[in-house]
Participant: 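This is the structure I want to talk about, given as structure tokens.
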Amino acid sequence: MRSSYLELVCPAGTPAALHAAVAAGADTVYCGFRDCTNARNYPGLNFDMDEMIAGVTYAHEHGCKVLVTINTFPRAGQEKSWHQAVDNAAIAGADAIILADIGLLDYATRSHPGLRRHLSVQASAANALSILFYREHFDIKRVVLPRVLSIEDVASLIQQTEMETEVFAFGSVGPMSEGRCFLSSYMTGLSPTHEGVCAPASHVVYQDDNHCIKSCLGSVTLNKFSKDEPAAYPTPCKGRYEANGRTSYLFEEPIGLNAVDILPQLKAAGVTALKIEGRQRSRAYVSKVVGTFRKALDDLAAGTQTHGSGDLKTMAEGGRETSGAYKKGWR
Amino acid sequence: MDESRLPVPLARVALRVIPESVLNRLTYLLIRRMQKIHPGLFQNLARLDAATVCIEPSDLPYRFVLKFGQGPTSLRTAPRAGYSCDAAVKGKLESLLNLLEGRIDSDMMFFSREIIITGDTAVVVALRNTLDREEIRLLDDISAMCGPVSNPARKVIVRVNKFMDHIKTSMKNAHERRYSRDADETAAKLECARLQEEIKALKFRLAKFEVRGKRMDASAL
């Protein structure tokens with residue numbers, strides 16, 4: 001369970017990104033089907049069945065594993081699409097599937113007992129009892145931990161559960177309970193847990209107002225960026241709101257998570273795998289971020305110091321980075 | 001210089017001087033050629049909802065109108081104002097070419113405000129994701145338009161760009177030399193002024209000594 005090797009798990013939103021991730025040194029890539037069964041259901045993104053089979057074959061030929069993400073929650077009466085996704089992942093030869101919904105976990109356990117199951121971050125399993133429940137009932141082999149835990153919390157959970165754990169190493173910082181953004185549901189009328197996006201592109205509008213950019217989600221103005229101010233994603237948790245006569249980032253500032261400088265601590269905590277977020281990002285992003293983490297992990301294995309964080313600042317949301325809850329804990 | 005890239009300065013000059021009617025004919029031929037080289041790209045574009053996107057290079061006097069989805073894909077020029085699109089992407093020509101070829105992350109360009117997106121975001125996201133699936137090298141595709149002479153054509157493009165680069169470097173060096181000469185002249189003038197001031201001070205002190213000497217001579221008498 002505790003390995004001295006930190007597995008690098010990388011995003012692939014398209015076949016081209018999968019190739020880029022493999023070339024940049026990914027140990028494992030994760031991807032989803034072209035529908036609402038995964039939490040990155042953006043237009044033009046993801047894999048159809050032929051692309052999934054070709055992607056798995058290509059990755060395996062290059063010594064890389066493939067995880068298929070089926071981590072949204074089936075809508076009542078429409079479970080068939082989600083069951084089909086699990087079946088298709090098995091047919092494509094995926095090394096594991098990443099699930100969140102209890103019903104779907106049950107289906108996968110019964111239908112494909114030999115297919116490895118990972119618990120998605122969308123399940124928000126952040127304590128030992130919860131993780132052990134999923135292991136006991138659905139034989140999950142790995143848990144992806146929510147981004148609200150400090151390194152000490154992570155180490156303690158690993159000790160208590162003796163589970164393989166995957167933690168986020170690069171991506172966004174979200175203050176919501178993972179995958180359950182009620183603000184987004186309120187603003188768009190769409191559920192992130194069902195539709196697979198927290199800021200549906202169909203509801204996002206940018207207005208160029210004399211060099212000021214106004215970002216809106218539905219009818220709500222989330223932010224206004226002045227000239228030369230870095231822009232950010234139009235997500236409700238990163239909005240700049242007015243409260244008590246003061247305009248500020250009430251929940252979280254536009255800032256990216258980067259754990260490249262705390263890899264030794266994560267390794268010491270017993271973490272199995274590092275997850276790079278960004279299936280909705282381009283292949284240029286995948287090449288750059290995966291390449292940087294590959295080098296940092298190789299340096300770590302060789303016992304040399306890592307110096308990678310500065311390289312990725314421009315890739316981070318708002319052009320700023322944080323080690324998130326790993327160091328400061330959660331509010 | 002990366003010889004796999006379409007030279008941006010050359011492209012910018014060409015796009016400024018080629019008459020619009022000729023340019024529209026060339027873009028039509030380019031799209032036809034790209035359909036043969038990248039059939040997957042055009043199949044994926046055809047899967048999208050029908051949309052029109054304005055591509056607006058900030059360093060060109062006009063913009064491009066790209067139509068795709070549920071029918072043939074087309075690209076043509078349009079005036080900067082007075083044309084309605086579902087969405088628009090604005091930025092420098094170089095940024096937009098990098099975006100097309102997937103060389104730079106589009107979110108990063110958005111954060112840093114190198115590109116600005118307006119209108120229907122879903123249309124732009126779908127287009128970006130569809131383009132990012134494909135390995136596009138515009139220089140190869142433009143060269144391929146020349147058919148059997150594509151290789152010599154590519155060499156000509158690279159050579160003309162090298163020549164332009166050479167001219168640009170020479171002009172830059174000449175500019176620096178000119179200004180460094182100016183800087184030398186300014187320094188000499190300053191030194192001259194400082195020396196003049198010093199001579200003036202010495203003359204003043206000498207005059208004082210002379211006065212003092214005369215007084216001493218007078219008192220001795």
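Keep in mind that this is a model prediction, so the values were computed, not measured. Letters A, B, ... mirror the listed sequences (proteins, then strands); counts begin at 1. Both backbone and side-chain heavy atoms feed into the values below; hydrogens, waters and symmetry mates do not.
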Participant: Any carboxylate oxygen within less than 4.0 angstrom of a Lys/Arg side-chain nitrogen, looking at B:E135 and B:R137?
Facilitator: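 Salt bridge: yes.
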Participant: Under a 3.5 Å threshold, yes or no: a donor from one side chain and an acceptor from the other, between A:T37 and A:D35?
Facilitator: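 There is such a pair between these side chains.
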Participant: Examine whether an atom of A:R320 lies under 4.5 Å from a heavy atom of chain B, and if so say whether it belongs to the side chain, the backbone or both; otherwise answer neither.
Facilitator: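 Contact with chain B involves no heavy atom of A:R320 at all.
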Participant: Under 4.5 Å heavy-atom distance to chain B, tell me which part of A:A17 shows up: side chain, backbone, both or neither.
Facilitator: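 For A:A17, no heavy atom lies under 4.5 Å from chain B.
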Participant: Hey, are A:N223 and A:S215 close enough side-chain-wise for a donor-acceptor pair under 3.5 Å?
Facilitator: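 Side chains of A:S215 and A:N223: no pair found under 3.5 Å.
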Participant: Under a 4.5 Å heavy-atom cutoff, which of B:D49, B:V123, B:L48, B:T118 has the most pairs with chain A?
Facilitator: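 Ranked by contacts with chain A, first place is B:T118.
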Participant: Is chain A contacted by the side chain of B:L45, its backbone, both, or neither, given a heavy-atom distance below 4.5 Å?
Facilitator: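 For B:L45, there is no contact with chain A at all, as no heavy atom is under 4.5 Å.
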Participant: Start with the C-alpha distance between B:R47 and A:D48, add both sets of side-chain angles, then the distance that settles salt bridge (charged side-chain N to carboxylate O under 4.0 Å, His left out), and finish with yes or no.
Facilitator: CA-CA 12 Å; B:R47 284 165 77 168; A:D48 61 26; 3.7 Å; yes
Participant: Would you say the ring centroid of B:F111 lies under 6.0 angstrom from that of A:Y233?
Facilitator: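 So the answer is yes for these two rings.
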Participant: Less than 4.0 Å between a side-chain N and a carboxylate O, is that true for A:R147 and A:E252?
Facilitator: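 Between A:R147 and A:E252 there is no salt bridge, as every charged N stays at least 4.0 Å from the carboxylate O atoms.
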Participant: Under 4.5 Å from any heavy atom of chain B, what part of A:E317 do you find: side chain, backbone, both or neither?
Facilitator: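 A:E317 touches chain B through backbone and side-chain heavy atoms alike.
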Participant: Kindly assign one of parallel, tilted or perpendicular to the pair A:F170 and A:F293, based on the angle between their ring planes and the thresholds 30° and 60°.
Facilitator: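 Because their plane-to-plane angle is over 60°, the rings of A:F170 and A:F293 count as perpendicular.
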Participant: Report the option among A:M315, A:K288, A:R281 that has the most heavy-atom pairs separated by less than 4.5 Å from atoms of chain B.
Facilitator: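 The residue among A:M315, A:K288, A:R281 with the greatest pair count is A:R281.
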Participant: Between A:A16, A:P43, A:A284, which residue shows the highest count of heavy-atom pairs closer than 4.5 Å to chain B?
Facilitator: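 The residue among A:A16, A:P43, A:A284 with the greatest pair count is A:P43.
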Participant: When heavy-atom pairs shorter than 4.5 Å are enumerated against chain A, which of B:K90, B:R128, B:R113, B:M108 gives the highest number?
Facilitator: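 Of the options given, most contacts go to B:R113.
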Participant: Contact part of B:D132 toward chain A, heavy-atom cut-off under 4.5 Å: side chain, backbone, both or neither?
Facilitator: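 Its backbone and side chain both get close to chain A.
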Participant: Between B:I116 and chain A, with a heavy-atom cut-off of 4.5 Å, which part of the residue counts as in contact: side chain, backbone, both or neither?
Facilitator: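 When you check distances to chain A, only side chain atoms of B:I116 fall under 4.5 Å.
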Participant: Does any heavy atom of chain A fall under 4.5 Å from the side chain of B:E101, the backbone, both, or neither of them?
Facilitator: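 Only the backbone of B:E101 comes within 4.5 Å of chain A.
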Participant: With a 4.0 Å cut-off on N to O distance, would you call B:R194 and B:E197 a salt bridge?
Facilitator: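 Salt bridge absent between B:R194 and B:E197.
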Participant: Tell me which of these, B:D120, B:D107, B:I117, B:V124, has more heavy-atom pairs under 4.5 Å with chain A than the rest.
Facilitator: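 When all of B:D120, B:D107, B:I117, B:V124 are compared, B:D107 has the most.
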